[in-house]
Structures are given as structure tokens and as C-alpha cells.
Amino acid sequence: MTPQRTLVLLKPDAVKRGLRGEIIRRIEAKGYTISALGQRTATDEELSAHYAEHEGKPFYPGLVEYMGAAPLVALVLEGEGVIAGFRSLAGATNPTEAAPGTIRGDLAREWDLPVIQNLVHGSDSEESAAREIGIWFPELD
Ligand code: DAT
Ligand code: MG
């Protein structure tokens, strides 16, 4: 298998709750390489490009508002199988359904909000990873 790259976001709820270190610890303990990392408040342009597949869905406005309201951390991870592997570490989208042992299963929960707050994003395919790395780290392209 050839080494892969994936784009991970530590979402604003992860930063606010002081979970950056805990999540990065899990990534490093798994053995993936962090090849780029930066914290900033996302722009509307970055978020509408990143979440283009969800435009028009009922949760989309709440998703973009939550993601842009406070700083997030963007990372590029490298390693064999890292795209699927990080999504395994992250767990299911809904924190109530995410298995114990996963980032979302251990550290996130549901709230009565229009959008699911689940701490992390990870690219879902090689095509998404290449597209998303281009959005968050254009200098790496
Ligand atoms: P994932 O982040 O697991 O790839 P996704 O791409 O389907 O999930 O959705 C992007 C984010 O949008 C997700 O992390 C949380 C939010 N979201 C998804 N489905 C939702 C829903 N039905 N209601 C509220 N928020 C949702
Ligand atoms: Mg997704």
C-alpha cells in the first residue's frame, strides 16, 4: 500500500474544551505522522468549499456557523491507510452511536443543537483528502 495523506480538523468544540492535546496524543500514539498543523478561525470561503457536499441540507447553516465561530486546528496526517484509519479513530458521526475507545465515543456527546458537534473531521476518500488539503494548506499542493 502506498502512503496516504488525510486532512483532519480539530473543530472549535475541541479547542474550546481543551482537547487538542488529548486528540493529538491519540493520533501520535497510533503512529501517524503529522506533516502540517495550524490553528486559525476558518473563513466562509474555506468552509463553503470544505462542506460543499452538504450545501442545502437542513444542518448546513448551523454547521458553517459552528465551524467559523471560533478557532480550529487543521492538520495533515501521513501514513499507510491513514484515511480510513483516522476515521476509525474518530468513530461514528453521531457521538451517541460512536463506539467507546474512539475520539467521538469517549469525548463527545449529543446536545440539543441544530448541528452535531463531534470534535473532529477526517477526509473520507483519497479524492476528498486531496481536495481538502488544497483548501486548508494550499502551499502543500
Ligand atoms: P463526518 O464528519 O462523520 O464525515 P458528514 O460528512 O456526514 O460526517 O457530516 C459533516 C458534519 O456535519 C458532521 O461531522 C456533523 C454534521 N452533521 C452531519 N449530519 C448531521 C445531521 N443529520 N444533523 C446535524 N448535524 C449533522
Ligand atoms: Mg464527512
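Everything numeric here is computed off the predicted structure, so don't read it as measured data. Order of listing sets the numbers, starting from 1, for every ligand and every atom in it. No hydrogens, no waters, no symmetry mates; every other heavy atom, side chains included, goes into these values.
The shortest contact between atom 14 (O) of ligand 1 and any protein heavy atom is with N118 ND2, 2.8 Å. In terms of protein heavy-atom proximity, atom 1 (P) of ligand 1 is nearest to T93 OG1, 3.6 Å. Of the protein's non-hydrogen atoms, the one nearest atom 2 (O) of ligand 1 is R104 NH2, 3.3 Å. Scanning the protein heavy atoms around atom 22 (N) of ligand 1, the nearest turns out to be F59 CD2, 3.9 Å. Scanning the protein heavy atoms around atom 6 (O) of ligand 1, the nearest turns out to be H54 NE2, 2.9 Å.
Residue-ligand proximity: R87 is placed with a non-hydrogen atom under 4.0 Å from ligand 1. K11 counts as a contact of ligand 1, since one of its heavy atoms falls under 4.0 Å from the ligand. Within the structure, the closest approach of P114 to ligand 1 falls below 4.0 Å when heavy atoms are considered. Distances from ligand 1 to the non-hydrogen atoms of L63 include at least one value under 4.0 Å. Look at H50 and you'll find every heavy atom at least 4.0 Å from all atoms of ligand 1.
Note that CZ of R104 is 12.5 Å distant from OG1 of T96, once rounded to the nearest 0.5 Å. Taking CG of L9 as the start and CD of E132 as the end, the distance is 7.5 Å to the nearest 0.5 Å.
Residue I116 has at least one nitrogen or oxygen atom sitting less than 3.5 Å from a nitrogen or oxygen atom of ligand 1, judged on distance alone.
Using a 4.5 Å cut-off on side-chain heavy atoms (C-beta onward), E110 and I116 make no contact.
With hydrogens and angles disregarded, a donor-acceptor distance shorter than 3.5 Å links the side chain of R17 to the backbone of L107.
Between Y51 and the choices E55, H54, E53, the side chain to side chain contact (heavy atoms under 4.5 Å, CB included) rule is met once, by H54.
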